[in-house]
Amino acid sequence: QVQLVESGGGSVQAGGSLRLSCAASARTFSSYTMGWFRQAPGKEREFVAAISWRSGNTYYADSVKGRFTISRDNAKSTVYLQMNTLEPEDTAVYYCAAGYRSTLATMTMRSGYDYWGQGTQVTVSS
């Protein structure tokens, strides 16, 4: 069982930045692909970014490409999401997810992840 705890959410004006963190309890954190998803009110949960377990390659939704950066620190069992140039459309609950050895075929899909955090609210005002 892996526990994920997100932090770093909050309220910010458009154009601002936030950094989300997700601390994992997994002993073999380096074997997990880590992802970030978000869910706005009345909408489906959608993929935001992922970082693979093996190569450390990163993948982004088109809507955040160039503004968000995902990274991981295996020594601290933590994954980060740096969010810059935030827009009101980025307002959502952001969820961290861990998928054991998830591959490119599934890392952008909810089904590619085994464990989820409780979520952290990000609110961007115009």
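Positions are given from 1 along the sequence.
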same_hphob_cluster(V124, L18) at 4.5 Å side-chain heavy-atom cutoff: yes
Test log, rule side-chain contact (heavy atoms from CB on, under 4.5 Å), inputs V79 and C96: CA-CA 8 Å; V79 63; C96 172; 3.8 Å; yes
Cluster link L4 to W53, ILVMFWY, side chain under 4.5 Å: no
Residues W36, M83; criterion side-chain contact (heavy atoms from CB on, under 4.5 Å); working and verdict: CA-CA 12 Å; W36 287 96; M83 305 185 295; over 6 Å; no
Distance, nearest 0.5 Å, that separates SG of C22 from OH of Y95: 13.0 Å
Geometric cation-pi criterion R110 and F47, 6.0 Å radius, 45° cone: no
side-chain contact (heavy atoms from CB on, under 4.5 Å) between R67 and Y60, intermediate numbers included: CA-CA 10 Å; R67 299 188 298 121; Y60 299 93; over 6 Å; no
Minimum-distance pair of heavy atoms, taken over all atoms of T33 and R72: CA-NH1, 4.2 Å
Proximity of F37 and Y113 rings by center, below 6.0 Å: yes
Interatomic distance, S21 atom OG to Q82 atom CD [nearest 0.5 angstrom]: 9.5 Å
P88 versus A14, closest heavy-atom pair with distance: CD-CB, 4.1 Å
Whether over 12 other heavy atoms sit under 6.0 Å from K43 NZ: no
Distance-only side-chain donor-acceptor flag, T78 / D73, under 3.5 Å: no
Test side-chain contact (heavy atoms from CB on, under 4.5 Å) applied to V2 and W116, step by step: CA-CA 9 Å; V2 175; W116 294 82; over 6 Å; no
Donor-acceptor contact below 3.5 Å, side chain S102 vs main chain M107: no
Where I70 and T58 come nearest, the two heavy atoms and their spacing: CG2-CG2, 3.6 Å
Sidechain-backbone polar pair: S25 side chain, Q3 backbone, donor-acceptor under 3.5 Å: yes
E6 side-chain N/O to G119 backbone N/O, donor-acceptor pair under 3.5 Å: yes
Sidechain-backbone polar pair: S77 side chain, A23 backbone, donor-acceptor under 3.5 Å: no
Parallel, tilted or perpendicular: ring planes of Y100 versus Y32, cut at 30 and 60 degrees: perpendicular
Between CG on residue L20 and CZ on residue R38, distance to nearest 0.5 Å: 11.0 Å
Y115 reachable from M34 in the ILVMFWY side-chain graph, under 4.5 Å edges: yes
Rounded distance [0.5 Å steps], CG in L81 versus OG in S71: 8.5 Å
Separation of Y80 OH from I51 CD1 (nearest 0.5 Å): 11.5 Å
Distance in Å, Q39 CD paired with E46 CD, rounded so as to fall on 0.5 Å steps: 9.5 Å
